Chemist: 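Mind having a look at this structure? Questions to follow.
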Amino acid sequence: TGKHGHAKVHMVAIDIFTGKKLEDICPSTHNMNVPNVTRTELQLVDLNDEDNKTYLSLMEDNGDLIENLTLPEDALGEEIKTRFEADEQLLVMVQRAMGEE
């Protein structure tokens, strides 16, 4: 209970984009906003090097191309690049929430 006897909710979450741990405490009677998260599988069509970054060319189910996402600079990015260069067909999972991808 809080200072005035009201029940409190202690929420702990992990940011899906940064991995950062976040915490919040609020009265149990208050409404809280939650993000709408969507996951989409897109086909990897090409990798384009530009301005010291590698951009993904991804195709949606309707044929539209998405070319504004960068290849992660970690082990996952290296695995994607290696497998793409080995002519594997890859599907990439893209998560979208609160204006971020």
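Only heavy atoms go into these numbers, but all of them, side chains included; no hydrogens, no water, no symmetry mates. Bear in mind the structure is a predicted one, so any value in this text is a computation, not a measurement.
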Chemist: What pairs meet the side-chain hydrogen bond (donor to acceptor under 3.5 Å, both in side chains) rule with one or both residues in residues 68-77, with sequence neighbours excluded?
Modeler: none
Chemist: With a cut-off of 3.5 Å and sequence neighbours excluded, list every side-chain donor-acceptor pair involving residues 86-96.
Modeler:
from : atom 1 : to   : atom 2 : distance (Å)
E88  : OE1    : R83  : NE     : 3.0
E88  : OE1    : R83  : NH2    : 3.0
Q95  : OE1    : R39  : NE     : 3.1
Q95  : OE1    : R39  : NH2    : 3.4
R96  : NE     : E101 : OE2    : 2.5
R96  : NH1    : T40  : OG1    : 3.1
R96  : NH2    : E101 : OE2    : 3.3

Chemist: In the hydrophobic cluster built from side-chain contacts under 4.5 Å, what are the other members alongside M11?
Modeler: V9, M32
Chemist: What's the spacing between L42 CG and L56 CG if we round to 0.5 Å?
Modeler: 9.5 Å
Chemist: Under a 4.5 Å side-chain heavy-atom rule over Ile, Leu, Val, Met, Phe, Trp and Tyr, are I80 and I66 clustered together?
Modeler: yes
Chemist: Measure the NZ-OG distance between K8 and S28 for me, rounded to the nearest 0.5 Å.
Modeler: 8.5 Å
Chemist: The criterion is side-chain contact (heavy atoms from CB on, under 4.5 Å); which residues satisfy it with E23, sequence neighbours excluded?
Modeler: H10, V12, K21
Chemist: Kindly give the heavy-atom pair with the smallest separation between I16 and A97, and that separation in Å.
Modeler: CD1-CB, 4.3 Å
Chemist: Determine the minimum heavy-atom distance between G19 and I14, stating which atoms define it.
Modeler: O-CG2, 3.6 Å
Chemist: Answer yes or no: is there a side-chain heavy-atom contact under 4.5 Å between T54 and N48?
Modeler: no
Chemist: What pairs with H30 under side-chain contact (heavy atoms from CB on, under 4.5 Å), at least two apart in sequence or on another chain?
Modeler: P27
Chemist: Just verifying a value: how many Å separate L71 CG and E79 CD, rounded to the nearest 0.5 Å?
Modeler: 11.0 Å
Chemist: Which pairs pass salt bridge (charged side-chain N to carboxylate O under 4.0 Å, His left out) with one or both residues in residues 45-69, sequence neighbours excluded?
Modeler: none
Chemist: Would you say CG of N33 has more than 12 non-hydrogen atoms from neighbouring residues, nucleotides or ligands within 6.0 angstrom?
Modeler: no
Chemist: Does F84 belong to the same Ile/Leu/Val/Met/Phe/Trp/Tyr cluster as L58, with side-chain heavy atoms less than 4.5 Å apart forming each link?
Modeler: yes
